[in-house]
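Everything quoted here is computed from the prediction, not taken from an experiment. Heavy-atom basis, side chains included; hydrogens, waters and symmetry copies ignored. Within every chain, numbering begins at 1; the chains are lettered A, B, ... in the order of the sequence lines, protein sequences first and strands thereafter.
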Amino acid sequence: MLKDIKTIFFGTPDFAVPTLNMLLKETNIIAVITQPDKKVGRKQIILPSPIKKVTVKNNIKILQPQKIKDNKDFINQIKDLNPDIIIVAAYGKIIPKEILDLPKYGCINIHASLLPKYRGASPIQTAIFNGEKETGITIMVMNEKMDEGDIIAQISEKIYNYDTSESLHNRLSKIGAKFLLKILPDYINKKITPRPQDNKLATYTKIIQKEDGKINWQQDANKILRQINAFTPWPSAYTFIGQKRFKIIQAEAINQNPKRQEGTTFIYENKIAIACQNSILLIKKWQPEGKKEILTTDYLFGNKNIINKIAI
RNA sequence: CGCGGGGUAGAGCAGCUUGGAAGCUCGUCAGGCUCAUAACCUGAAGGUCGGCGGUUCAAAUCCGCCCCCCGCAA
(Lines give C-alpha, C1' and ligand atoms only; values in the text may rest on other atoms or scores of the structure.)
Protein backbone atom coordinates (compact mmCIF):
# COMPACT_ATOMS: atom_id res chain seq x y z
CA MET A 1 0.00 0.00 0.00
CA LEU A 2 2.69 2.51 0.97
CA LYS A 3 4.75 0.96 -1.77
CA ASP A 4 2.45 2.59 -4.32
CA ILE A 5 3.11 6.08 -3.01
CA LYS A 6 5.57 7.97 -5.17
CA THR A 7 7.74 9.80 -2.70
CA ILE A 8 10.35 12.51 -3.02
CA PHE A 9 12.60 13.01 -0.01
CA PHE A 10 14.37 16.23 0.96
CA GLY A 11 17.09 15.96 3.59
CA THR A 12 20.76 16.55 4.28
CA PRO A 13 22.44 15.57 7.58
CA ASP A 14 22.62 12.44 9.72
CA PHE A 15 19.34 13.30 11.39
CA ALA A 16 17.51 12.56 8.15
CA VAL A 17 19.18 9.21 7.44
CA PRO A 18 16.93 6.90 9.51
CA THR A 19 13.89 8.47 7.88
CA LEU A 20 15.30 8.00 4.41
CA ASN A 21 16.18 4.40 5.16
CA MET A 22 12.67 3.78 6.38
CA LEU A 23 11.16 5.40 3.29
CA LEU A 24 13.40 3.39 0.99
CA LYS A 25 12.11 0.24 2.58
CA GLU A 26 8.45 1.13 2.90
CA THR A 27 7.60 3.48 0.05
CA ASN A 28 8.41 4.11 -3.58
CA ILE A 29 11.18 6.70 -3.48
CA ILE A 30 11.50 8.29 -6.89
CA ALA A 31 14.05 10.96 -6.06
CA VAL A 32 16.08 12.48 -3.23
CA ILE A 33 16.98 16.13 -2.93
CA THR A 34 19.94 17.15 -0.78
CA GLN A 35 22.32 20.07 -0.40
CA PRO A 36 25.26 20.37 -2.78
CA ASP A 37 28.50 18.66 -1.72
CA LYS A 38 30.51 20.84 0.59
CA LYS A 39 34.10 21.20 1.60
CA VAL A 40 34.63 19.43 4.89
CA GLY A 41 37.47 18.78 7.29
CA ARG A 42 41.05 19.92 7.66
CA LYS A 43 41.96 19.16 4.08
CA GLN A 44 38.82 20.83 2.78
CA ILE A 45 37.94 17.78 0.77
CA ILE A 46 34.58 18.01 -0.95
CA LEU A 47 32.28 15.42 0.53
CA PRO A 48 28.68 14.40 -0.10
CA SER A 49 26.04 14.81 2.59
CA PRO A 50 25.11 11.71 4.64
CA ILE A 51 21.84 11.61 2.74
CA LYS A 52 23.64 11.60 -0.60
CA LYS A 53 25.76 8.63 0.43
CA VAL A 54 22.69 6.56 1.24
CA THR A 55 20.93 7.67 -1.92
CA VAL A 56 23.81 6.83 -4.23
CA LYS A 57 24.26 3.47 -2.55
CA ASN A 58 20.63 2.67 -3.31
CA ASN A 59 20.80 3.88 -6.88
CA ILE A 60 18.13 6.51 -6.45
CA LYS A 61 17.90 9.64 -8.54
CA ILE A 62 19.49 12.57 -6.71
CA LEU A 63 19.23 16.32 -7.22
CA GLN A 64 21.40 18.93 -5.51
CA PRO A 65 20.26 22.39 -6.58
CA GLN A 66 22.31 25.35 -5.37
CA LYS A 67 19.11 27.27 -4.88
CA ILE A 68 15.48 26.39 -5.27
CA LYS A 69 13.73 29.70 -5.26
CA ASP A 70 13.00 30.82 -8.84
CA ASN A 71 14.92 27.79 -10.12
CA LYS A 72 12.54 26.92 -13.01
CA ASP A 73 14.58 23.94 -14.15
CA PHE A 74 14.50 22.35 -10.76
CA ILE A 75 10.84 23.03 -10.16
CA ASN A 76 9.97 21.57 -13.54
CA GLN A 77 11.97 18.45 -12.79
CA ILE A 78 9.97 17.96 -9.62
CA LYS A 79 6.76 18.53 -11.57
CA ASP A 80 7.75 15.93 -14.14
CA LEU A 81 8.45 13.41 -11.42
CA ASN A 82 4.87 13.94 -10.28
CA PRO A 83 5.27 12.84 -6.65
CA ASP A 84 2.30 11.79 -4.52
CA ILE A 85 4.00 13.10 -1.40
CA ILE A 86 7.14 15.00 -0.43
CA ILE A 87 8.80 14.29 2.87
CA VAL A 88 11.30 16.72 4.34
CA ALA A 89 13.71 16.12 7.21
CA ALA A 90 16.37 18.72 8.00
CA TYR A 91 16.91 19.73 4.41
CA GLY A 92 18.38 23.12 5.20
CA LYS A 93 16.76 25.32 2.58
CA ILE A 94 13.37 26.97 2.25
CA ILE A 95 11.06 25.12 -0.09
CA PRO A 96 8.84 27.43 -2.17
CA LYS A 97 5.08 27.23 -2.36
CA GLU A 98 5.14 26.05 -5.97
CA ILE A 99 6.69 22.81 -4.82
CA LEU A 100 4.71 22.53 -1.60
CA ASP A 101 1.49 22.58 -3.62
CA LEU A 102 2.53 19.90 -6.10
CA PRO A 103 1.92 16.54 -4.43
CA LYS A 104 -1.63 15.44 -3.73
CA TYR A 105 -0.74 14.47 -0.17
CA GLY A 106 1.31 17.61 0.35
CA CYS A 107 4.70 18.16 1.90
CA ILE A 108 5.34 16.61 5.25
CA ASN A 109 8.08 17.71 7.60
CA ILE A 110 9.68 16.04 10.59
CA HIS A 111 10.78 18.51 13.22
CA ALA A 112 12.68 17.68 16.41
CA SER A 113 10.56 19.46 18.99
CA LEU A 114 7.03 19.62 20.31
CA LEU A 115 5.78 22.48 18.16
CA PRO A 116 4.90 25.28 18.50
CA LYS A 117 7.82 25.29 20.94
CA TYR A 118 11.32 25.44 19.53
CA ARG A 119 10.67 26.33 15.94
CA GLY A 120 13.75 26.94 13.85
CA ALA A 121 17.28 25.73 13.36
CA SER A 122 18.41 24.26 16.68
CA PRO A 123 15.47 22.68 18.53
CA ILE A 124 17.46 19.87 20.11
CA GLN A 125 20.33 21.99 21.37
CA THR A 126 18.09 24.75 22.64
CA ALA A 127 15.83 22.34 24.52
CA ILE A 128 18.83 20.94 26.38
CA PHE A 129 20.32 24.38 26.94
CA ASN A 130 17.06 25.55 28.50
CA GLY A 131 16.97 22.55 30.82
CA GLU A 132 13.77 21.07 29.37
CA LYS A 133 12.72 17.73 30.82
CA GLU A 134 11.14 16.59 27.61
CA THR A 135 10.99 17.35 23.93
CA GLY A 136 9.86 15.28 20.98
CA ILE A 137 9.05 14.94 17.34
CA THR A 138 6.40 16.81 15.43
CA ILE A 139 5.17 15.73 12.04
CA MET A 140 3.39 18.50 10.20
CA VAL A 141 2.07 19.58 6.85
CA MET A 142 4.43 22.24 5.59
CA ASN A 143 3.39 25.73 4.63
CA GLU A 144 5.60 28.57 3.40
CA LYS A 145 6.46 29.72 6.88
CA MET A 146 9.16 28.12 8.95
CA ASP A 147 7.82 25.31 11.12
CA GLU A 148 4.30 26.77 11.27
CA GLY A 149 2.43 24.05 9.41
CA ASP A 150 -0.56 22.17 10.76
CA ILE A 151 0.36 19.35 13.08
CA ILE A 152 -0.38 15.80 11.99
CA ALA A 153 1.02 14.08 15.06
CA GLN A 154 3.45 14.46 17.92
CA ILE A 155 5.39 12.14 20.18
CA SER A 156 7.28 13.21 23.25
CA GLU A 157 10.67 12.01 24.43
CA LYS A 158 12.24 12.46 27.83
CA ILE A 159 15.45 14.43 28.17
CA TYR A 160 17.73 12.80 30.72
CA ASN A 161 20.21 14.82 32.68
CA TYR A 162 23.07 12.95 31.06
CA ASP A 163 21.78 13.72 27.58
CA THR A 164 23.90 15.70 25.14
CA SER A 165 22.69 17.06 21.85
CA GLU A 166 24.44 14.11 20.27
CA SER A 167 22.66 11.40 22.26
CA LEU A 168 19.27 13.10 22.08
CA HIS A 169 19.74 13.75 18.38
CA ASN A 170 20.44 10.07 17.76
CA ARG A 171 17.34 8.98 19.63
CA LEU A 172 15.07 11.55 18.04
CA SER A 173 16.23 10.77 14.53
CA LYS A 174 15.27 7.12 15.01
CA ILE A 175 12.05 7.95 16.78
CA GLY A 176 11.17 10.34 13.97
CA ALA A 177 11.54 7.66 11.34
CA LYS A 178 9.56 5.10 13.31
CA PHE A 179 6.84 7.56 14.17
CA LEU A 180 6.46 8.75 10.61
CA LEU A 181 6.00 5.18 9.45
CA LYS A 182 3.35 4.69 12.11
CA ILE A 183 1.23 7.70 11.22
CA LEU A 184 1.75 7.83 7.46
CA PRO A 185 -0.95 5.32 6.47
CA ASP A 186 -3.57 7.07 8.60
CA TYR A 187 -2.57 10.40 7.18
CA ILE A 188 -2.82 9.22 3.61
CA ASN A 189 -6.18 7.60 4.29
CA LYS A 190 -7.32 10.87 5.78
CA LYS A 191 -7.96 9.34 9.18
CA ILE A 192 -5.98 12.21 10.70
CA THR A 193 -7.02 15.82 10.42
CA PRO A 194 -4.03 18.14 10.84
CA ARG A 195 -4.61 20.80 13.47
CA PRO A 196 -3.21 24.32 13.40
CA GLN A 197 -0.52 25.43 15.82
CA ASP A 198 -1.23 27.97 18.50
CA ASN A 199 1.14 30.71 17.38
CA LYS A 200 0.86 32.47 20.73
CA LEU A 201 2.80 29.63 22.32
CA ALA A 202 5.54 29.61 19.69
CA THR A 203 9.19 29.94 20.65
CA TYR A 204 12.12 30.16 18.26
CA THR A 205 15.65 28.77 18.16
CA LYS A 206 18.64 30.41 16.57
CA ILE A 207 21.34 29.01 14.37
CA ILE A 208 24.16 28.11 16.71
CA GLN A 209 27.39 30.03 16.31
CA LYS A 210 30.77 28.80 17.38
CA GLU A 211 30.97 31.67 19.84
CA ASP A 212 27.97 30.24 21.70
CA GLY A 213 30.25 27.53 23.04
CA LYS A 214 32.51 29.93 24.91
CA ILE A 215 32.04 29.43 28.64
CA ASN A 216 31.47 32.33 30.99
CA TRP A 217 32.60 31.19 34.43
CA GLN A 218 30.71 33.98 36.18
CA GLN A 219 27.60 31.85 36.26
CA ASP A 220 26.17 28.79 37.94
CA ALA A 221 27.83 25.45 37.19
CA ASN A 222 24.49 23.87 36.41
CA LYS A 223 23.93 26.37 33.65
CA ILE A 224 27.41 25.80 32.27
CA LEU A 225 26.76 22.07 32.35
CA ARG A 226 23.64 22.57 30.24
CA GLN A 227 25.72 24.61 27.81
CA ILE A 228 28.24 21.76 27.60
CA ASN A 229 25.57 19.15 26.99
CA ALA A 230 23.73 21.33 24.49
CA PHE A 231 26.82 22.04 22.39
CA THR A 232 28.29 18.54 22.35
CA PRO A 233 29.50 17.52 19.84
CA TRP A 234 29.34 20.84 18.03
CA PRO A 235 30.58 23.48 18.50
CA SER A 236 31.53 22.19 21.98
CA ALA A 237 31.74 24.28 25.10
CA TYR A 238 35.24 25.63 25.48
CA THR A 239 37.43 27.86 27.57
CA PHE A 240 40.96 29.20 27.42
CA ILE A 241 43.65 28.53 29.98
CA GLY A 242 46.75 30.47 29.07
CA GLN A 243 46.80 30.58 25.30
CA LYS A 244 45.33 27.13 24.89
CA ARG A 245 41.77 26.21 24.11
CA PHE A 246 40.16 23.38 26.05
CA LYS A 247 36.92 21.78 24.99
CA ILE A 248 34.90 20.47 27.91
CA ILE A 249 33.59 17.07 26.94
CA GLN A 250 32.12 15.67 30.13
CA ALA A 251 31.51 17.36 33.45
CA GLU A 252 29.43 17.46 36.60
CA ALA A 253 28.04 20.42 38.53
CA ILE A 254 28.64 20.53 42.26
CA ASN A 255 26.59 22.90 44.40
CA GLN A 256 29.32 23.90 46.77
CA ASN A 257 31.09 27.16 47.37
CA PRO A 258 34.41 26.93 45.53
CA LYS A 259 36.02 29.54 47.82
CA ARG A 260 37.99 30.73 44.85
CA GLN A 261 37.69 33.35 42.17
CA GLU A 262 35.46 32.29 39.28
CA GLY A 263 37.49 30.54 36.59
CA THR A 264 40.19 29.24 38.93
CA THR A 265 41.37 25.71 38.24
CA PHE A 266 41.97 23.30 41.10
CA ILE A 267 41.99 19.61 41.93
CA TYR A 268 38.85 17.98 43.27
CA GLU A 269 38.48 14.22 43.66
CA ASN A 270 41.65 13.76 41.58
CA LYS A 271 40.04 15.59 38.68
CA ILE A 272 40.33 19.11 37.40
CA ALA A 273 37.64 21.45 38.68
CA ILE A 274 36.89 25.05 37.85
CA ALA A 275 35.31 27.56 40.18
CA CYS A 276 31.97 28.93 39.03
CA GLN A 277 29.55 31.31 40.70
CA ASN A 278 28.85 29.71 44.08
CA SER A 279 29.39 26.32 42.54
CA ILE A 280 31.98 24.02 41.06
CA LEU A 281 32.27 22.44 37.65
CA LEU A 282 34.02 19.11 38.01
CA ILE A 283 35.55 18.24 34.67
CA LYS A 284 35.75 14.54 33.97
CA LYS A 285 36.90 14.66 30.39
CA TRP A 286 38.18 17.45 28.21
CA GLN A 287 40.16 17.99 25.06
CA PRO A 288 43.21 20.25 25.05
CA GLU A 289 43.99 22.01 21.79
CA GLY A 290 46.04 19.71 19.56
CA LYS A 291 45.27 16.65 21.69
CA LYS A 292 42.65 13.98 21.88
CA GLU A 293 39.91 13.78 24.47
CA ILE A 294 41.40 12.82 27.78
CA LEU A 295 40.23 12.14 31.34
CA THR A 296 41.37 15.04 33.46
CA THR A 297 42.66 12.51 35.98
CA ASP A 298 45.08 11.26 33.35
CA TYR A 299 45.85 14.74 32.10
CA LEU A 300 47.08 15.68 35.57
CA PHE A 301 49.77 12.98 35.60
CA GLY A 302 51.89 15.01 33.25
CA ASN A 303 50.42 18.50 33.62
CA LYS A 304 50.29 19.43 37.29
CA ASN A 305 50.93 23.06 36.39
CA ILE A 306 47.41 23.39 35.02
CA ILE A 307 46.08 24.01 38.53
CA ASN A 308 45.69 27.42 40.09
CA LYS A 309 45.30 29.09 36.74
CA ILE A 310 42.44 31.25 35.57
CA ALA A 311 40.22 29.99 32.78
CA ILE A 312 38.85 32.70 30.55
C1' C B 1 50.18 24.44 -1.63
C1' G B 2 45.35 27.74 4.22
C1' C B 3 47.53 28.36 9.86
C1' G B 4 49.16 25.53 14.10
C1' G B 5 50.06 21.53 18.07
C1' G B 6 51.48 16.47 18.64
C1' G B 7 53.38 10.88 18.02
C1' U B 8 59.08 8.73 23.95
C1' A B 9 56.88 1.93 28.93
C1' G B 10 49.69 0.28 29.92
C1' A B 11 48.15 6.11 30.85
C1' G B 12 49.69 11.36 31.03
C1' C B 13 54.21 13.99 30.24
C1' A B 14 59.80 15.76 30.40
C1' G B 15 64.20 15.29 27.51
C1' C B 16 65.19 17.85 21.41
C1' U B 17 67.49 24.70 21.25
C1' U B 18 73.51 23.46 22.83
C1' G B 19 74.10 15.16 19.83
C1' G B 20 77.35 11.57 24.37
C1' A B 21 74.21 5.84 29.43
C1' A B 22 65.89 6.09 28.63
C1' G B 23 63.72 10.01 32.90
C1' C B 24 59.09 12.06 35.88
C1' U B 25 53.93 11.42 37.86
C1' C B 26 50.66 7.23 37.90
C1' G B 27 49.36 2.15 36.84
C1' U B 28 51.01 -3.19 37.06
C1' C B 29 53.73 -7.14 39.81
C1' A B 30 56.57 -8.73 44.29
C1' G B 31 57.92 -7.60 49.23
C1' G B 32 57.73 -4.44 53.75
C1' C B 33 55.12 -1.20 57.40
C1' U B 34 50.10 -1.16 59.44
C1' C B 35 44.27 -3.19 63.22
C1' A B 36 43.70 -1.63 58.20
C1' U B 37 44.15 1.10 53.53
C1' A B 38 43.03 3.99 47.78
C1' A B 39 48.29 6.14 52.55
C1' C B 40 53.66 5.24 53.34
C1' C B 41 58.58 2.53 52.37
C1' U B 42 61.65 -0.98 49.22
C1' G B 43 62.40 -3.53 44.80
C1' A B 44 61.07 -5.43 39.83
C1' A B 45 58.98 -6.00 35.09
C1' G B 46 57.68 -3.15 30.92
C1' G B 47 60.39 1.21 25.37
C1' U B 48 61.77 -1.01 17.48
C1' C B 49 61.85 7.12 21.35
C1' G B 50 55.59 6.84 14.61
C1' G B 51 58.33 4.74 9.88
C1' C B 52 62.33 4.84 6.14
C1' G B 53 66.82 7.01 4.69
C1' G B 54 71.03 10.58 5.52
C1' U B 55 75.03 13.26 8.49
C1' U B 56 78.29 11.60 12.61
C1' C B 57 83.00 7.93 16.31
C1' A B 58 78.00 8.56 18.43
C1' A B 59 71.01 10.48 16.87
C1' A B 60 64.86 10.63 20.89
C1' U B 61 68.02 15.03 19.81
C1' C B 62 70.59 17.53 13.45
C1' C B 63 68.84 16.99 7.87
C1' G B 64 65.29 14.84 4.06
C1' C B 65 60.95 12.02 2.73
C1' C B 66 56.58 9.41 4.36
C1' C B 67 52.50 7.68 7.78
C1' C B 68 49.11 8.70 11.77
C1' C B 69 46.30 11.88 15.65
C1' C B 70 44.34 16.65 16.96
C1' G B 71 43.06 22.32 17.40
C1' C B 72 41.90 26.68 14.26
C1' A B 73 39.82 28.09 9.76
C1' A B 74 35.80 26.67 6.16
Where do A:R195 and A:D150 land on the salt bridge (Lys or Arg N to Asp or Glu O under 4.0 Å) test, with the steps shown first? CA-CA 5 Å; A:R195 59 188 163 83; A:D150 292 356; over 6 Å; no
For B:G4 and A:K244 - does any side-chain N or O of the residue sit under 4.0 Å from the phosphate oxygens OP1/OP2?
no
Interface polar pairs with nucleotides 9-15 of chain B, N/O, under 3.5 angstrom:
from	atom 1	to	atom 2	distance (Å)
B:A11	O2'	A:D298	OD2	3.3
B:G12	O4'	A:D298	O	3.3
B:G12	O2'	A:D298	O	3.1
B:G12	O2'	A:Y299	O	3.1
B:G12	O2'	A:G302	N	3.4
B:G12	O2'	A:N303	ND2	3.4
B:G12	N2	A:F301	O	3.1
B:C13	O2'	A:G302	O	3.0

In short, ring pair (Phe, Tyr, Trp, His ring centres under 6.0 Å) pairs touching residues 105-132 of chain A with sequence neighbours left out are A:F129-A:F231
Contacts of A:F15 meeting ring pair (Phe, Tyr, Trp, His ring centres under 6.0 Å) (sequence neighbours excluded), chain-then-number -> A:H169
- prompt: Given the C1' atoms of B:A22 and B:G46, what is the spacing between them in whole Å?
  reply: 13 Å
inquiry  = Please give the distance between the P atoms of B:G20 and B:A60 as a whole number of Å.
reply    = 10 Å
Minimal heavy-atom distance between A:G11 and A:A16, with the atoms involved, is CA-CB, 4.2 Å
Self-check item: Under-4.0 Å side-chain N/O to phosphate OP1/OP2 contact, A:Q287 with B:C70
Solution: no
Margin query: Taking the C1' atom in each of B:U8 and B:G15, what is the distance between them to the nearest angstrom?
Written below: 9 Å
**Asked** Checking all strands, does A:K38 fall into the base, sugar-phosphate, or nothing category for heavy-atom contacts under 4.0 angstrom?
**Response** nothing
What one should report as the nearest heavy-atom pair of A:P258 and A:A275 is CB-CB, 3.6 Å
task = Indicate, with a heavy-atom threshold strictly under 4.0 Å, whether A:K304 touches base, sugar-phosphate, or nothing.
result = sugar-phosphate
How about A:Q287 and A:K292: does a side-chain donor come under 3.5 Å of a side-chain acceptor?
no
In short, ring pair (Phe, Tyr, Trp, His ring centres under 6.0 Å) pairs touching residues 255-312 of chain A with sequence neighbours left out are A:F246-A:W286, A:W286-A:Y299
In Watson-Crick or G-U wobble terms, with both distances under 3.5 Å, the base opposite B:A44 is B:U28
| field | Nearest-Å distance once atom P is located in both B:U18 and B:G64 | value | 15 Å
pair_partner(B:G64), Watson-Crick or wobble, both distances < 3.5 Å, evaluates to B:C52
Contacts of A:K53 meeting salt bridge (charged side-chain N to carboxylate O under 4.0 Å, His left out) (sequence neighbours excluded), chain-then-number -> none
Any salt bridge linking A:E289 with A:K247? Criterion: basic side-chain nitrogen under 4.0 Å from a carboxylate oxygen. no
- Taking the same atom, P, in B:C49 and in B:G7, what whole-Å distance lies between them? 14 Å
Measuring only the P atom in each nucleotide, how far is B:A14 from B:C62? A whole number of Å is fine.
15 Å
Point to revise | Distance between C1' atoms of B:G19 and B:U25 (Å, rounded) | key: 27 Å
Closest heavy-atom pair, A:E26 versus A:L181, reported as atoms and distance to 0.1 Å, is CG-CD1, 3.6 Å
Query raised in the report: How is A:E293 classified with respect to the nucleic acid when contacts are heavy atoms under 4.0 Å: base, sugar-phosphate, or nothing?
Result: nothing
Shorter than 3.5 Å, N or O on both sides, protein versus nucleotides 66-68 of chain B: list them out with atom names.
none

Applying the 3.5 Å cut-off to both distances, the Watson-Crick or G-U partner of B:G2 turns out to be B:C72
Re B:C57: Watson-Crick or G-U wobble partner, both distances kept under 3.5 Å, found to be B:G20
